[in-house]
Asks: 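To start, I am sharing the structure in question, which I have written as structure tokens.
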Amino acid sequence: MTDQSSGATIAVNVLTSLDQIAQSGWDACACPEVADGGRPQDPFTTWRFLHALEASGSVGPGTGWEPRYLTAEADGEIIAVAPLYAKGHSQGEYIFDHSWAHAYENAGGEYYPKLQIAVPFTPATGRRFLSKPGQDVAGMSALVQGAAQFAAQNGLSSLHVTFCTEAEAIAGERMGLLRRVTQQFHWENHDYADFDAFLASLSSRKRKNIRKERRTAHDFGGTIRMLTGEEIRPEHWDAFWHFYQDTGARKWGSPYLTRAFFEIAHDTLRDDIALVMAERDGHYVAGALNFIGRQALYGRYWGCVEDHPCLHFEACYYQAIDFAIRHGLGRVEAGAQGEHKLARGYLPVETHSLHWLADQGFAKAVARYLEEERQAVGEDIEILTAYGPFRKDQIEEQE
């Protein structure tokens, strides 16, 4: 596949494994900022994270996530890449299109397989069209055209780009893709000196409630620790695997990640991880897994083998806020859904996705739906923000 819209010929290739591209070549597009020795902005689009999913069998044959990574090459140099997958279902995406699939199939079409530019099982916003510095426009154009061409040539129903940045969503809409707006709850760090400074920005009632929840959580009869890097040991993953299995079985029917993913994570991803573990009587009873970016902490998984009041709130939300403040991170993204996060300092924000549908009649119908949905999401965010936990004078300052 080629793209000549930028004036230069750009070849777009489809790879079935990350082993077909050098880690340095992928990361030069995905996280060029690490050249200064710091963390990547987005830990999930790095070669090491995506390769861990593939090498562990979490994606690949039998999972409904078949790798079809894209590379855009100009003059023998890779200028952009994208994590593309052929999907046999709509699980593990968090931007829900099940109703689209039902409507399409009821009309006699085959919705699956479809194409998805995404990080599997990860509802975290980040760049999806990963270009080298200075190649953003040409790289995105080539990747979009290459993906759409691949879908059309293979008779696929659609292409979806989930949890892309707002800038990518706007650019994609200009290219003719359909733009969708959904919402999540994020915590923003307004240069708080410590957790108490954050609490001081809340209304009195909310402040007292959080203090009460934290006391209750720590009274469960054990200890709660945040572990990173070399502090994380194999036995922590043994325990966390049990937590993850329990939560995965209840939420999705079966866990998305395999046990091998956590073994690989121990070897290659520990420095990207902040792991909360609760221990009582010599046994780990609950845990929460976070990934660390350059500017954000990303909450991903929680699980437990014992139920204790408020332990979920402490492990998932308050420990994350405390970590972000201590390490100067700008926000905490606590994953998909959850209006209960509002009372704990997490406010609604827009998230973005892009969609290409092969059938033009179906595309027009979806476009009308998305326009109404965007308006509803905007109104919902406005209402929820007004009911947030912050003092009115703090809201005015933040605005």
Side-chain angles (χ1 to χ4, degrees), residues 1-6 10 12 14 64-70 72 82-120 123 125 128-129 137 139-183 336-337 350-381:
M1 296 177 287
T2 60
D3 171 38
Q4 295 180 325
S5 61
S6 63
I10 300 176
V12 179
V14 180
W65 289 84
E66 297 280 353
R68 297 293 186 270
Y69 311 106
L70 295 181
L84 176 68
Y85 299 85
K87 289 297 307 296
H89 51 63
S90 289
Q91 303 303 314
E93 297 171 7
Y94 304 96
I95 299 292
F96 302 110
D97 65 344
H98 299 88
S99 61
W100 301 3
H102 292 156
Y104 196 82
E105 292 173 354
N106 286 340
E110 293 185 9
Y111 194 72
Y112 304 107
K114 61 178 183 175
L115 292 180
Q116 194 94 10
I117 294 179
V119 177
T125 292
R128 294 295 173 259
F129 303 98
V137 174
M140 180 174 178
S141 175
L143 293 170
V144 168
Q145 292 189 50
Q149 185 178 346
F150 181 75
Q153 288 175 344
N154 288 276
L156 304 181
S157 69
S158 53
L159 164 69
H160 309 267
V161 185
T162 46
F163 293 99
C164 60
T165 66
E166 183 178 13
E168 287 176 325
I170 293 170
E173 188 172 36
R174 290 172 181 160
M175 295 178 191
L177 303 180
L178 303 179
R179 178 172 61 91
R180 189 174 192 181
V181 175
T182 48
Q183 74 172 34
Q337 305 169 319
E350 290 184 348
T351 51
H352 303 273
S353 59
L354 290 164
H355 308 270
W356 173 88
L357 302 165
D359 186 282
Q360 290 304 297
F362 188 62
K364 289 179 181 179
V366 170
R368 289 193 294 270
Y369 166 78
L370 293 181
E371 185 175 353
E372 295 175 0
E373 185 185 45
R374 283 196 298 271
Q375 182 176 346
V377 168
E379 292 172 355
D380 195 38
I381 287 176

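One is the number of the first residue; the rest follow in order along the sequence.
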Asks: How far apart are the C-alpha atoms of Thr162 and Gln116, what are their side-chain angles, what is the distance that settles it, and do they pass the side chain to side chain contact (heavy atoms under 4.5 Å, CB included) test?
Replies: CA-CA 8 Å; Thr162 46; Gln116 194 94 10; 3.2 Å; yes
Asks: State, yes or no, whether a side-chain contact exists between His355 and Val366 at a heavy-atom distance under 4.5 Å.
Replies: no
Asks: To check you understand the geometry: which heavy-atom pair defines the closest contact between Ala147 and Leu159, and what is its length?
Replies: CB-CD2, 3.6 Å
Asks: To check you understand the geometry: which heavy-atom pair defines the closest contact between Leu370 and Arg179, and what is its length?
Replies: CD1-O, 3.8 Å
Asks: If you look at every heavy atom in Gly92 and Trp65, which pair is closest and at what distance?
Replies: O-CZ2, 3.4 Å
Asks: Can you list the steps and then say if Ser90 with Phe96 is a side chain to side chain contact (heavy atoms under 4.5 Å, CB included)?
Replies: CA-CA 7 Å; Ser90 289; Phe96 302 110; over 6 Å; no
Asks: What closest approach, in Å, do Ala72 and Ala142 show between heavy atoms, and which atom pair accounts for it?
Replies: CB-CB, 4.2 Å
Asks: Could you check if a side-chain atom of Leu70 sits within less than 4.5 angstrom of a side-chain atom of Val14, using non-hydrogen atoms only?
Replies: yes
Asks: Return yes when atom CD of Glu173 has more than 12 non-hydrogen atoms of other residues, nucleotides or ligands closer than 6.0 Å, and no otherwise.
Replies: yes
Asks: What heavy-atom pair brings Tyr69 and Tyr85 nearest, and what distance separates the two atoms?
Replies: CE2-OH, 3.6 Å
Asks: Please report the interatomic distance OG1(Thr125) to CD(Glu350), rounded to the nearest 0.5 Å.
Replies: 10.5 Å
Asks: Run the side chain to side chain contact (heavy atoms under 4.5 Å, CB included) check on Glu105 and Tyr112 step by step: do they pass?
Replies: CA-CA 9 Å; Glu105 292 173 354; Tyr112 304 107; 3.6 Å; yes
Asks: Please round to the nearest 0.5 Å and tell me the distance separating atom CD of Glu93 and atom NE2 of His98.
Replies: 7.0 Å
Asks: Is any side-chain heavy atom of Met140 closer than 4.5 Å to a side-chain heavy atom of Met175?
Replies: yes
Asks: Within this structure, what is the OG-CZ distance for the pair Ser158 and Phe362, rounded to the nearest 0.5 Å?
Replies: 8.0 Å
Asks: Strictly distance-based, threshold 3.5 Å: is any side-chain N or O of Asp97 a donor or acceptor partner for the main-chain N or O of Trp100?
Replies: no
Asks: Roughly how far apart are Glu66 CD and Leu84 CG, rounded to 0.5 Å?
Replies: 11.5 Å
Asks: Take atom CD in Glu371; do more than 12 heavy atoms of anything else shown fall under 6.0 Å from it?
Replies: no
Asks: For side chain to side chain contact (heavy atoms under 4.5 Å, CB included), just list the numbers for Phe163 and Glu168, CA-CA rounded to whole Å, side-chain angles, deciding distance to a tenth of an Å, and then say yes or no.
Replies: CA-CA 10 Å; Phe163 293 99; Glu168 287 176 325; over 6 Å; no
Asks: Does Asp359 reach the side chain of Ser157, with side-chain heavy atoms less than 4.5 Å apart?
Replies: no
Asks: Is it true that atom CD of Glu373 has more than 12 heavy atoms of other residues, nucleotides or ligands lying nearer than 6.0 Å?
Replies: yes
Asks: For residues Val161 and Phe129, determine if any side-chain heavy atom of one lies less than 4.5 Å from a side-chain heavy atom of the other.
Replies: yes
Asks: Would you compute the distance between atom CG of Leu357 and atom CG of Leu177 and round it to the nearest 0.5 angstrom?
Replies: 9.5 Å
Asks: Taking the side chain as every heavy atom from C-beta outward, state whether Arg128 and Thr165 have any pair of such atoms under 4.5 Å apart.
Replies: no
Asks: By the definition side chain to side chain contact (heavy atoms under 4.5 Å, CB included), identify the one residue from Val377, Leu354, Ile95 that meets it with Arg180.
Replies: Ile95
Asks: Hey, could you give me the CD1/NE2 distance between Ile170 and His352, rounded to the nearest 0.5 Å?
Replies: 7.5 Å
Asks: If every non-hydrogen atom of Ala148 is compared with every non-hydrogen atom of Trp356, which pair is closest and at what distance?
Replies: O-CH2, 4.1 Å
